[in-house]
There are 2 protein chains.
Amino acid sequence: MAQTKIPAESGTVFSTTLSRLRKEILTGAIGPGEKLRLDQLRITYDVSFSPLREAISRLVSEGLVLQAGDQRGFQVAPVSADNLREVTLLRKSLEVIALQRSIQHGDDAWETGVVSSMHHLSKFKSRNPAKMDNIDEVWENWHRKFHTALIGACRLPVLLQFCDTLYDLSDRYRRNFIQFRHVPRDVQSEHSAIAEAALNRNAELACRLMEEHIELTATMILAVLPTELR
Amino acid sequence: MAQTKIPAESGTVFSTTLSRLRKEILTGAIGPGEKLRLDQLRITYDVSFSPLREAISRLVSEGLVLQAGDQRGFQVAPVSADNLREVTLLRKSLEVIALQRSIQHGDDAWETGVVSSMHHLSKFKSRNPAKMDNIDEVWENWHRKFHTALIGACRLPVLLQFCDTLYDLSDRYRRNFIQFRHVPRDVQSEHSAIAEAALNRNAELACRLMEEHIELTATMILAVLPTELR
DNA sequence: TATTATAATATTATCGATAATAAGTAGGGC
DNA sequence: GCCCTACTTATTATCGATAATATTATAATA
């Protein structure tokens, strides 16, 4: 009884391949513009063409991969200042809509989610003061969870999908280029300020802070983007 | 032209299957909520699993198809008033951004595209006065081209992709439910008003008219949506 | 009859192989 | 030496078959 089928975290070959590919692209393990050699990927991932192509197909509609042309395979989307500016503009526009509605509709579960992810983010910081380099998978996970939690109560699933996609697109820039940053920054206080405003149901303030937060990250990345990409 | 989605209309089995499937879903030939039986589709389309699944996978990220769950196949996304309201909200928000920038950056080619598609739309009307039922593929094509042309000069390819997706999502409602409309409406003048404002570089007016245009369509559909979907 | 267990069927997800196409290379004419 | 063409290799797109899983039908038990 109650043999409640646990959705098997393993999942299908397709979904694990999708996650793996996405992660490798976001982290830069497969670099911008790089060609995706199907046969090689098929071997290294130990999967067959079908789920591999299906995964790539998803990444194409996410914008992380481009179709080079008929019969010409795929390549990781190149990076450029223009692209980063666009993604930033869209993230600001859309996350603000989502945040505003989320603050409006958020219930207890929403508050809990915000507080919880916020807590984990700060705990991580104090625990690993030396590792406050953003390049850290645990922090990355909580950072994403935090942003997701904030807008999660907006009741607009399509919008959430868009925000998720845009997060990925901008995340790649941060993960690949933030290591070269020179200006120090207290991301932690930015986050807690946003969370506080949201929990106080101060939509206007929360949205403004969120826009600034997104914009600031982009500005810092743009400042260190290799010149040939501008 | 901002040809964001279809790689090559002739091209691969995959792309033709994708177009075909999308069209059948948009027109309602495969109805909302309907299960996609892979084996049956494979036979009727005379293709094998690989390109079929790849096509379906794209439609999943577009939001027209849902993954029912691991090993449980796919189904056409159901329709609902909430979903239509969301899609409408997002279309208004995003197309306005795109239109504003398009008006700002539009060059000669852009003007030509707007005038041309506008012309085709009106020509169609006068040619087939009896057929001014929106359910007509030729008109549908020009209608889409018109909307695409208007925002095509915004220089924000990701945004254009989103708009394209949202157009599809709302298009399905129009194609499936507009036949039951009761209030007559002069869509033609709405279109020409938008085009005129855009070509006059009156961004504010054009955007306002565009919002009203999108909203009006949604309102009319909502008015005739079967009650069980509200 | 209702309920569970078991078998039969249907459907999906994945694989390995083949066909189609592009990219690369060497040879021949100018 | 350079360009064009035929040929070889590399890579992709597609297929048909198989394995994994879900769904339905049937039987057995209480």
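Letters A, B, ... are given to chains in the order of the sequence lines, protein chains preceding strands, and every chain is numbered from 1. Computed from heavy atoms alone, side chains included, the values below leave out hydrogens, waters and symmetry copies. Since the model is a prediction, treat every value here as computed from it, not as a measurement.
With C:dT12, C:dC15, D:dT21 as the choices, the nucleotide that has an atom nearest any side-chain atom of B:Leu38 turns out to be C:dT12. Side-chain atoms of A:Val47 lie closest to C:dC15 of the nucleotides D:dT14, D:dT21, C:dC15. Taking the side chain of B:Arg72 as heavy atoms from C-beta on, and the options C:dA13, D:dT23, D:dT12, the nearest nucleotide is D:dT23. Considering only side-chain atoms of A:Ser50, the nucleotide from D:dT14, C:dC15, C:dA13 that sits closest is C:dC15. Here the side chain of B:Arg37 is nearest to one of C:dT12, D:dA13, C:dC15, namely C:dT12.
Counting to the nearest Å, the P atom of D:dA10 and the CD1 atom of A:Ile43 are 13 Å from each other. A straight line from CZ of B:Arg42 to P of D:dT14 spans 15 Å, rounded to a whole angstrom. Following rounding to the nearest Å, A:Glu34 (CD) and D:dT11 (P) show an atom-to-atom distance of 14 Å. What separates CG of B:Leu52 from P of C:dT11 is a distance of 15 Å, to the nearest Å. Computed from coordinates, the A:Ile56 CD1 to D:dT11 C1' distance equals 13 Å when rounded to whole Å. Rounding to whole angstrom units, CG of residue A:Asp70 and P of D:dT11 are separated by 19 Å. The distance between atom OH of B:Tyr45 and atom C1' of D:dT14, rounded to the nearest whole Å, is 18 Å. In this entry the distance linking CZ of B:Phe49 with P of C:dT11 reads 11 Å, nearest Å.
Applying the side-chain hydrogen bond (donor to acceptor under 3.5 Å, both in side chains) test between B:Arg85 and each of B:Asp82, B:Asn83, B:Thr88 identifies B:Asp82 as the sole match.
Sequence order on DNA chain C of the closest nucleotides to B:Gln67 and A:Gln71 puts B:Gln67 first from the 5' end.
Using the six-membered ring where Trp is involved, A:His143 and A:His147 have ring planes that are perpendicular, over 60° apart on the 30 and 60° scheme.
Using a distance-only test at 3.5 Å, with no hydrogens or angles considered, a donor-acceptor pair links the side chain of A:Trp110 to the main chain of A:Leu150.
Taking side-chain N and O atoms only, B:Arg53 has a distance below 4.0 Å to OP1 or OP2 of C:dA13. A sub-4.0 Å separation between OP1 or OP2 of D:dA10 and a side-chain N or O of A:Lys35 is absent.
Residues B:Ser170 and B:Arg91 have side chains that bring a donor and an acceptor to within less than 3.5 angstrom of each other. A donor and an acceptor atom, one from each side chain of A:Arg175 and A:Thr27, are nowhere located under 3.5 Å apart.
Backbone-only engagement by A:Phe14 is indicated by non-hydrogen atom pairs under 4.0 Å involving sugar-phosphate atoms exclusively. Within 4.0 Å of B:Leu36, counting heavy atoms only, lie sugar-phosphate atoms of the nucleic acid but no base atom.
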